[in-house]
Amino acid sequence: MQSIRGTKDILPLEISSWHALEHTIRLLTAQYGYQEIRTPIMEYAEVFKRSVGEETDIVGKEMYTFPDRGGDALTLRPESTASVVRAAIQHNLTAQQQIARLYYVGPFFRYERPQKGRQRQFHQFGCELMGAATPEADVEILTLAHDLMISLGIQSYQLQLNTLATPSVRQQFKASLVEYFSAFQSELSEDSKSRLISNPLRILDSKHPGDKALSVQAPSLLNMLDNESKDHFDAVLSMLDGLGIPYSLNPRLVRGLDYYSHTVFEITSTSLGSQDALGGGGRYDHLFEHFGGKHTPCIGFGFGMERLLIAQAAENTPEIQRKADVYVIGFETSESRSAVIRFAHTLRMNSKKSIITDVQNRSLKAQMKEADKLGIEHVIIIGPDEASSGTCIVKHLKTGMQYTKQQNNTDGLFEV
RNA sequence: GCGGGUGUAGCUCAGUGGUAGAGCAGCGGGUUGUGGCUCCGCUGGCCGCGGGUUCAAUCCCCGUCACUCGCCCCA
């Protein structure tokens, strides 16, 4: 038996880095006043089809969709924004012009060919700021994303920014792209030929050399911006400059989901290989209406947690963490070993220390070795002699100093 | 979904058409109750899985599964 393709067990050895990551996330989101939301792992397939877009890869070929026993088409969530918006409308979280600052952490599912940093079940952390259309809102989200990188010690990241303008400007832009590329249809890659119909913006993003060459002369959205789009984007950029947050403009940055407009961004890292995006996001001002809610401008991002951990591990040497604080050692006689069990239990009741004892009837030497390997701070020896005299030996492993103490008084046991 | 690579002890990897090795880890010991260094010894492997060729396959062929690199796309 094996785990399902593209799914992974997170083992004890790696769980501490997950805990640390989640801890950082909770601290940071609290600093910005974001609150957690936990939505179901399944939604009606409709939720994602309507929001993410029928033509996108996610909906077109990556969703885990299946009929339940009642015949409803359910989908294992491939991303979170759609679910969070659905929940926000259902529970009226943005009623009376309220701002909602939300974050989420959890598993997501996409049926894709696995690769490094790409699994069928993966985990995302994301934030959504709902109810504000201002460039200040964009900057809050971008700053949060930036701070996350800093908190995690990820230096090698790059923040790329672009604007997708308003839907109507983008529509004109698409039309001019189609017009331009249609003239060179025979020179386009197979992928881009189909993109010409499905999503012409994506041609700009192609890695195919021929496509790249053609893209150089292609119309630019930045030249077609209306005042609203331009003012908004410029305001975002100048605030980022003021904050000293580094970014680079990438006019080819096109997000794969239909619901974005205005500011879009991606954070990439060179330590990831081919799947180089740590996270991305953007403004989605019209998603609420798509779901039948009232107009609510929003911006948010999502980060791949596996990818964050990969990038983090590539740049930081992990600290060896202690698996327990105290090792209580007994040996040779049953009196010794049962005294150990009693004493360890007393200690656990009276202190917050984590305490380990041997359960394999091993020698003193073997237990000492294990204590050393576990990074234990104090060893307590209750051998046959100590067991009969009611004493114990407390030894500090780093210094090698040891003292004899009474078992019946655990106060100041670890002090000299 | 498409193309390439890999799959041998817990881990990192050697290896040969006649059913296997190293280093690390683990365990035990170095005179009788003390770890880290060192020395000695020991345990441990359906050589991914299924089929084929062969007297014989871990090694050759086919399939399959998983991982991995790239494409697509994204987190």
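Side chains included, hydrogens not; waters and symmetry mates left out as well; all remaining heavy atoms used. Below, chain A is the first sequence line, B the second, and so on; all start at residue 1.
With sequence neighbours excluded, the residues forming a salt bridge (Lys or Arg N to Asp or Glu O under 4.0 Å) with A:Asp325 are A:Arg322, listed by chain and number. Partners of A:Lys365 according to the side-chain hydrogen bond (donor to acceptor under 3.5 Å, both in side chains) rule, which considers only residues two or more places apart in sequence or in another chain, do not exist here.
At the heavy-atom level, A:Gly117 lies under 4.0 Å from base atoms of the strands shown. Note on A:Gly281: nothing from the nucleic acid sits closer than 4.0 angstrom, heavy atoms only.
Side-chain atoms of A:Gln115 stay outside donor-acceptor range of the base of B:A75, with no qualifying N/O pair under 3.5 Å. On a pure distance criterion of 3.5 Å, no polar donor-acceptor pair joins the side chain of A:Asp372 and the base of B:G36.
The partner of B:C42, taking Watson-Crick or G-U wobble pairs whose two distances both stay under 3.5 Å, is B:G26. Look at B:A14: it lacks any Watson-Crick or wobble partner with both distances under 3.5 angstrom. With both pairing distances under 3.5 Å, B:C47 is matched to nothing as a Watson-Crick or G-U wobble pair. Across every strand in view, B:C71 sits in a pair with B:G1 that passes the Watson-Crick or G-U test at under 3.5 angstrom. Across all strands shown, B:G7 forms a Watson-Crick or G-U wobble pair with B:C65, both key distances being under 3.5 Å.
Here the side chain of A:Glu315 pairs a donor or acceptor atom with the backbone of A:Ser156 at under 3.5 angstrom. The main-chain N or O of A:Ala366 is found under 3.5 Å from a side-chain atom of A:Ser363 such that the two form a donor-acceptor pair.
Listed by residue number, there are no residues of residues 80-88 of chain A with a heavy-atom contact under 4.0 Å to RNA chain B.
Ring geometry for A:His262 versus A:His232: interplanar angle of 30 to 60°, hence tilted.
The interatomic distance linking A:Glu266 (CD) with B:C73 (P) rounds to 12 Å, in whole Å. Following rounding to the nearest Å, A:Glu112 (CD) and B:C67 (P) show an atom-to-atom distance of 13 Å. Residue A:Lys398 contributes atom NZ, which lies 17 Å from atom P of B:G36 at whole-angstrom precision. Atom pair A:Glu62:CD and B:C71:C1' shows a separation of 14 Å (rounding to whole Å applied). The distance from atom CH2 of A:Trp18 to atom P of B:A75 is 16 Å, rounded to the nearest whole Å. Residue A:Tyr327 contributes atom OH, which lies 12 Å from atom C1' of B:G35 at whole-angstrom precision. Separating the CD atom of A:Gln119 from the P atom of B:C67 is a distance of 9 Å, rounded to the nearest angstrom. Atom pair A:Arg118:CZ and B:C69:C1' shows a separation of 11 Å (rounding to whole Å applied).
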Protein-nucleotides 25-34 of chain B N/O pairs closer than 3.5 Å?
from  : atom 1 : to       : atom 2 : distance (Å)
B:G26 : OP1    : A:Lys373 : NZ     : 2.8
B:C27 : OP1    : A:Arg362 : NH1    : 2.9
B:G30 : N7     : A:Lys365 : NZ     : 3.4
B:G33 : OP2    : A:Glu332 : OE2    : 2.6
B:G33 : O6     : A:Asp385 : N      : 3.1
B:G33 : O6     : A:Asp385 : OD1    : 2.9
B:G33 : O6     : A:Asp385 : OD2    : 2.1
B:G33 : N1     : A:Glu386 : OE1    : 2.8
B:G33 : N1     : A:Glu386 : OE2    : 3.0
B:G33 : N2     : A:Glu386 : OE1    : 3.2
B:G33 : N2     : A:Glu386 : OE2    : 3.0
B:U34 : O2     : A:Lys395 : NZ     : 3.2
B:U34 : N3     : A:Gln402 : OE1    : 3.1
B:U34 : O4     : A:Gln402 : NE2    : 3.0

Between the protein and nucleotides 3-10 of chain B, which nitrogen or oxygen pairs are less than 3.5 angstrom apart?
from : atom 1 : to       : atom 2 : distance (Å)
B:G3 : O6     : A:Arg113 : NH2    : 3.2

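The side chain of A:Arg5 places no N or O atom within less than 4.0 Å of a non-bridging phosphate oxygen (OP1 or OP2) of B:C65.
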Let me have the donor-acceptor pairs involving side chains of residues 382-393 of chain A, under 3.5 Å, with sequence neighbours excluded, atom names and distances please.
from     : atom 1 : to       : atom 2 : distance (Å)
A:Glu386 : OE1    : A:Gly383 : N      : 2.8
A:Ser388 : OG     : A:Pro384 : O      : 3.4
A:Ser388 : OG     : A:Asp385 : O      : 2.9
A:Ser389 : OG     : A:Asp385 : O      : 3.2
A:Ser389 : OG     : A:Glu386 : O      : 3.4
A:Ser389 : OG     : A:Thr391 : OG1    : 2.9

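Here A:Glu36 pairs with A:Arg26 in a salt bridge; the nearest charged N to carboxylate O distance falls below 4.0 Å. Between A:Arg337 and A:Asp358 there is a salt bridge, since a side-chain N of the basic residue sits under 4.0 Å from a carboxylate O of the acidic one.
Between the side chains of A:Thr268 and A:Asp276, no donor-acceptor pair of N or O atoms lies under 3.5 Å.
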